[in-house]
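Just so it is clear, the model here is predicted, and its values are computed rather than measured. If you read the sequence from its start, that first residue is 1, and numbering goes on from there.
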Amino acid sequence: MADPYQAHICERLQTELPIPWCLMFGLVAPHFLNVFVWMAPASWRALTGKSAVNHFAAASSVLKAIQVLVTLLWVWTSRTDGLCFDTAKLSLVNCVSGLVLLATGLSLSFGVLRAIGAEGVYYGSRIGPERTRTDPTEPTEWPFNVIQHPQHVGPTLLVWVPVVVLQQQLPRDAWFVAAHWTTLYVLNWVIEDYF
């Protein structure tokens, strides 16, 4: 006899948790941290000490993992087939579009990392050691010379990959979730430009 508490990945996960709320808060959390660190760098440095950039990178990584987990949990609780998808329902156009989004998003994300390093990605010009905060000039190499804020555009494109590829099989709210997530990146962009 099967264990009634054992969830099968290809069946809808039944839970009493408020999954939509967990999803919304899980998506917002890393962006809230970004805004806090950007707007109150002295507070972050006081909280984390000399390794403020490393602590920010670690906290961001944990919160990004939580984003992925709550998104998967939301999909699992929203679909009759859980996390299993029918490859026969995939469209060639959607798969090619998804690959283009994936390649572009990863290319921008890795390009940003190569251009400004981890210290640049994690606001080293604001929270790093004094020597890195003296001249926060804008980078001029690729991808910064092609597009504004590639550090936000790349991940935003990656958010849309599963929505484009699996659009026939995801919950109807997937477009809203991706749009909400995109809005969070746009808000980070605006805050970094104007505050």
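- Here the CG atom belonging to Leu99 is positioned 7.0 Å from the SG atom belonging to Cys95, to the nearest 0.5 angstrom.
- Distance alone, capped at 3.5 Å, is enough to place a donor-acceptor pair between the Arg45 side chain and the Arg126 backbone.
- Taking SG of Cys22 as the start and CD1 of Ile66 as the end, the distance is 11.0 Å to the nearest 0.5 Å.
- Counting only heavy atoms from C-beta outward, the side chains of Lys50 and Pro129 never approach each other to under 4.5 Å.
- The shortest distance between side-chain heavy atoms of Ile127 and Pro41 falls below 4.5 Å.
- The number of heavy atoms from other shown groups lying within 6.0 Å of CZ (Phe32) does not exceed 12.
- Judged purely by atom type and a 3.5 angstrom limit, Arg79 uses its side chain to pair as donor or acceptor with the backbone of Cys84.
- Hydrophobic clustering, with ILVMFWY side chains joined whenever heavy atoms are under 4.5 angstrom apart, keeps Leu17 apart from Trp21.
- Heavy atoms only, all atoms of each residue included: Val163 and Leu170 are closest at CA-CD1, 3.7 Å.
- Minimum interatomic distance between Asn145 and Thr140 (heavy atoms only, all atoms of both residues): CB-O, 3.1 Å.
- Panel note: side chain His55, backbone Ser51; a donor-acceptor pair is recorded below 3.5 Å.
- Of all non-hydrogen atoms in Leu113 and Ala118, the two that sit nearest each other are CD1-N, 3.7 Å.
- Hydrophobic clustering (ILVMFWY, side-chain heavy atoms < 4.5 Å, transitive): Met39 and Val28 are in one cluster.
- Looking only at atom types and distance, the side chain of His152 has no donor-acceptor partner in the side chain of Asn188 under 3.5 Å away.
- Counting only distance, with no hydrogens or angles, the side chain of Asn94 and the backbone of Val164 share a donor-acceptor pair below 3.5 Å.
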Audit row: Val177, Trp74, side-chain contact (heavy atoms from CB on, under 4.5 Å) steps and yes/no
CA-CA 10 Å; Val177 170; Trp74 171 72; 3.8 Å; yes
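- Below 30°, between 30° and 60°, or above 60°: for His149 and Trp189 the angle between ring planes is between 30° and 60°, a tilted geometry.
- Side-chain contact between Phe56 and Asn34 is present, with heavy atoms from C-beta onward closer than 4.5 Å.
- The hydrophobic cluster containing Val96 does not contain Val165, counting ILVMFWY residues as joined when their side-chain heavy atoms lie under 4.5 angstrom apart, directly or transitively.
- Ser107 approaches Trp142 most closely through the heavy-atom pair OG-CH2, 3.0 Å.
- Thr104 contributes no side-chain N or O that, together with a main-chain N or O of Leu101, makes up a donor-acceptor pair within less than 3.5 Å.
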Working for side-chain contact (heavy atoms from CB on, under 4.5 Å), residues Thr71 and Leu27:
CA-CA 8 Å; Thr71 303; Leu27 293 180; 3.8 Å; yes
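- Remark: the backbone N or O of Asp86 is paired with a side-chain donor or acceptor of Gln169 at under 3.5 angstrom.
- The distance from the CG atom of Leu90 to the CD atom of Gln167 is 10.5 Å, given to the nearest 0.5 Å.
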side-chain contact (heavy atoms from CB on, under 4.5 Å) for Leu69 and Leu73? Distances and angles first, verdict last.
CA-CA 6 Å; Leu69 290 174; Leu73 189 61; over 6 Å; no
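- Remark: Ser97 engages no residue in a side-chain hydrogen bond (donor to acceptor under 3.5 Å, both in side chains) (not counting sequence neighbours).
- Rounding to the nearest 0.5 Å places CD of Gln151 at 10.5 Å from OH of Tyr185.
- Distance check, rounded to the nearest 0.5 Å: NE2 of His8 to CH2 of Trp76 gives 9.5 Å.
- Scanning both residues, Leu33 and Ala59, for their nearest heavy atoms gives CD2-CB, 3.7 Å.
- The number of heavy-atom neighbours closer than 6.0 Å to NZ of Lys64, taken from other residues, nucleotides and ligands shown, is above 12.
- Here Thr80 pairs with Arg12 under the side-chain hydrogen bond (donor to acceptor under 3.5 Å, both in side chains) rule; sequence neighbours left out.
- Within the 4.5 Å cutoff, the side chain of Ser78 has no heavy atoms near those of the Asp173 side chain.
- Cluster membership check: Val100 does not share its hydrophobic cluster with Val161, using side-chain heavy-atom separations under 4.5 Å among Ile, Leu, Val, Met, Phe, Trp and Tyr.
- What you find for Phe144 and Pro139 is that their closest heavy atoms are CB-O, 3.5 Å.
- Phe176 and Leu72 fall within a single hydrophobic cluster, where Ile, Leu, Val, Met, Phe, Trp and Tyr side chains are chained together by heavy-atom contacts under 4.5 Å.
- With rounding to the nearest 0.5 angstrom, the CZ atom of Phe195 is 12.0 Å from the CH2 atom of Trp38.
- Side-chain atoms of Trp181 do not come within 3.5 Å of backbone N or O of Thr156 as any donor-acceptor pair.
- Donor-acceptor pairing under 3.5 Å is recorded for the side chains of Trp160 and Thr182.
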